[in-house]
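As structure tokens, the structure follows; a few thoughts come after it.
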Amino acid sequence: MENVQKALERILLQVQKPARYTGGELGSIIKDPQKVELRFAFCFPDVYEVGMSHLGMKILYALQNAREDCWCERVFAPDQDMEQLMRAHKIPLYGLESFDPIAAFDLIGFTLQYELSFTAVLNMLDLAGLEVRACDRKALAPIVVAGGPCACNPEPLADFVDLFLLGEGEELNLELLDLYKACKREGTTKQEFLKRAAQIQGVYVPSLYQVHYHANGTVASVQAADGAPARVQKRIVKELDQVFYPENFVVPFTQTVHDRAMVEVLRGCIRGCRFCQAGFLYRPFREKQPDTIDRNARTLCENTGYDEVSLTSLSTSDLSQLEPLLNQMLSWTERDAVNIALPSLRVDNFSKELAQRVAAVRKSSLTFAPEAGTQRLRDVINKNVTEQEVLRTCRTAFEGGYTNVKLYFMLGLPTETDEDVAGIVHLAQKVVEEFYHLPDKPKGKGVNVTVSVACFVPKPFTPFEFEPQDTMEQLRHKQQILLDTVKSKKITIKYHDSPTSFLEAALARGDRRMGPMLEYAWRSGSKLDGWSDYFSMERWEEAAQVCGIDLAFYANRTRSYEEIMPWDHLDYGVSKAFLVRENQLAHADTVTPHCRKSCAGCGANRLLGGACFG
């Protein structure tokens, strides 16, 4: 077979953005394949610009390559133009560092960030020249693994992935590599490796579990075999200050979605918003110390040349020592003209001082998430934010010189009425009026309030996992209410497409009977479904019909508290009793105080072996 690099030279000028496929970027790690025992392909099932913005990939890439015995390479989904040429010229999917086909690697790992990327996983396995079904890959190498937030319900992909890594990967990945290395030296079978891997906390091997169903289609039982645990508990890193963090990032040649240095400042969330899967999946709450964050940020900026550093988390303004941290960082960021970006700000703790700190070098755009337009519905979802706090925060931003504010909302939340929907626009209008009531508003400048509205998707391990999603007809009706309610040119409405949200909801709460549907949809042409250019609801409806899957059964159905969920044998720390209790409080329009005020007893603290807060 022709050398991949030579074949690429012939085709790269025929594709858009060839820099996606060439490797060789500053900071990429090259090793001698003869001097490593383990080769790991870290696959991101989306295009280069999206994957290169993902912090988890940067961390695990650096972590694995810090081992002398391992070489981790990056692999991204090719766009359609490149894929056609790769298939026409018989170029297999390859690692960006070595250009070697990944089918020859020991482990192939996928990060699952979004349900609509599932078909891209199948497509990448096929492009690599591998069988897509796990049962058809008989040898020890390559083992196909997957992790990330969507691994919390891995059942739709159970037919295709050998094992799933639940929870946080820094320690778990290294333990899995050690086991694989031992099995490779011993010459064990794939089945023996999987049985031994299942004994590592956080490893879920779907082939070791039998699922039985009731006549009505719900799960009757999930039974473990071959010594696998009845419940698989996720992994967490207890001491965040001691956790590995990269001193360097790969710096891309081409623009990416988030083209900047990123430093993780905390994990988990104290807030308990009932719709937010990440807020429950990443519990318990843990912070890094300011000195650690400052050192991480400074080292990254010095080594990469980035002039912007993002302090990333689910809710950065909940960092208990944020003000001292920003003071500490400003000693070098102002000197080096480095911008500090705070992407996850809360409406209820955004201060004038914070606005000034963020704008000290240059202004970033400001985004806030009220999520719902009325106070009743904000109480239902446990947002714990009042209209007065929203308006005060926007006024603070305007006084700091900002004239563009973006507000995030959701449509189709449980118990939502048409009045709640119209309330989104009414709140945006009050924000506009807040700007014009300023005594010293910027002269010659208008205000623009962008209202970005996503369709609510009920997700596993949230208090709303029991709730139905609105039908597409209901969502379109509500989108029309939004448009009809706007009376000001200062307000821009943007909303997401409801068919993609419907499919996302079905896959999020799906079970392993969806495997044939996923494969049919992929063989029919679904591969980059997160991109509207490539998404076809008709193709998915045909796949569902042919495979006997009722998508509405998964997306639009209310579940009883007693129903066994497809993911109930996986333990993410938060108890089902807590989720039931929070769901009941939602239907009573009752809020739960955040974790710093009082412990709500979610159960995640047992992963720490003690209280989350001293």
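In this text, all values refer to a predicted model and were calculated from it rather than measured experimentally.
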Contact list for residues 245-254, test side-chain hydrogen bond (donor to acceptor under 3.5 Å, both in side chains), sequence neighbours left out:
none
Carboxylate-amine/guanidinium proximity below 4.0 Å for Asp81 and Lys17
no
Got a sec: does the CD of Glu68 have more than 12 other heavy atoms crowding it under 6.0 Å?
no
With no hydrogens and no angle check, do the side chains of Ser98 and Arg39 hold a donor and an acceptor under 3.5 Å apart?
yes
Charged N-O contact under 4.0 Å between Lys181 and Asp69:
yes
Is it true that Glu168 and Arg267 have a side-chain N and a carboxylate O under 4.0 angstrom from each other?
yes
Salt-bridge criterion met for Arg20 and Glu49 (N-O under 4.0 Å):
yes
Hey, can you tell me if Tyr180 and Phe193 have their rings parallel, tilted or perpendicular (30° and 60° cut-offs)?
perpendicular
Between Lys190 and Asp162, is there a salt bridge with N-O shorter than 4.0 Å?
yes
Any donor-acceptor N/O pair, Arg271 side chain to Gly279 backbone, under 3.5 Å
no
Among residues at least two apart in sequence or on other chains, which ones pass side chain to side chain contact (heavy atoms under 4.5 Å, CB included) with Cys43?
Ala41, Val75, Ile102, Ile108, Phe110, Met124
Do the side chains of Glu131 and Lys138 get close enough for a salt bridge, i.e. N-O under 4.0 angstrom?
no
Could you check Phe613 against Phe285 for ring pair (Phe, Tyr, Trp, His ring centres under 6.0 Å), going step by step and ending with a plain yes or no?
CA-CA 8 Å; Phe613 298 97; Phe285 184 83; 5.6 Å; yes
Using every non-hydrogen atom in the two residues, find where Phe164 and Pro206 come nearest and quote the distance to one decimal.
CE1-CG, 3.8 Å
For Tyr572 together with Phe461, are the ring centres under 6.0 Å from each other?
yes
Report yes or no: is the cationic atom of Arg513 (NZ for Lys, CZ for Arg) under 6.0 Å from the centre of the six-membered ring of Tyr213, at an angle within 45° of the ring normal?
yes
Cationic N near anionic O, under 4.0 Å, Lys234 to Asp571:
no
CA sep, side-chain torsions, deciding dist, call: Arg235, Leu165, side chain to side chain contact (heavy atoms under 4.5 Å, CB included):
CA-CA 8 Å; Arg235 287 290 287 273; Leu165 305 178; over 6 Å; no
For Asn65 and Lys31, work out which heavy atoms get closest and say how close.
O-NZ, 2.8 Å
Pairing of Lys459 and Glu504 as salt bridge, 4.0 angstrom limit:
yes
Evaluate whether atom NZ of Lys238 has more than 12 neighbouring non-hydrogen atoms of other residues, nucleotides or ligands under 6.0 angstrom away.
no
Please lay out, stage by stage, how Gln113 and Thr111 fare under the test side chain to side chain donor-acceptor pair (under 3.5 Å).
CA-CA 6 Å; Gln113 298 294 315; Thr111 179; 2.7 Å; yes
Are the ring centres of Tyr204 and Tyr209 closer than 6.0 Å?
yes
Stepwise side chain to side chain contact (heavy atoms under 4.5 Å, CB included) test for Tyr61 and Gln64
CA-CA 6 Å; Tyr61 176 81; Gln64 293 191 14; over 6 Å; no
Salt-bridge criterion met for Asp241 and Lys288 (N-O under 4.0 Å):
no
Report the distance from atom NZ of Lys184 to atom CD1 of Ile143, rounding to the nearest 0.5 Å.
12.0 Å
Counting the benzene-type ring for Trp, do Phe105 and Phe40 have ring centres under 6.0 Å apart?
no
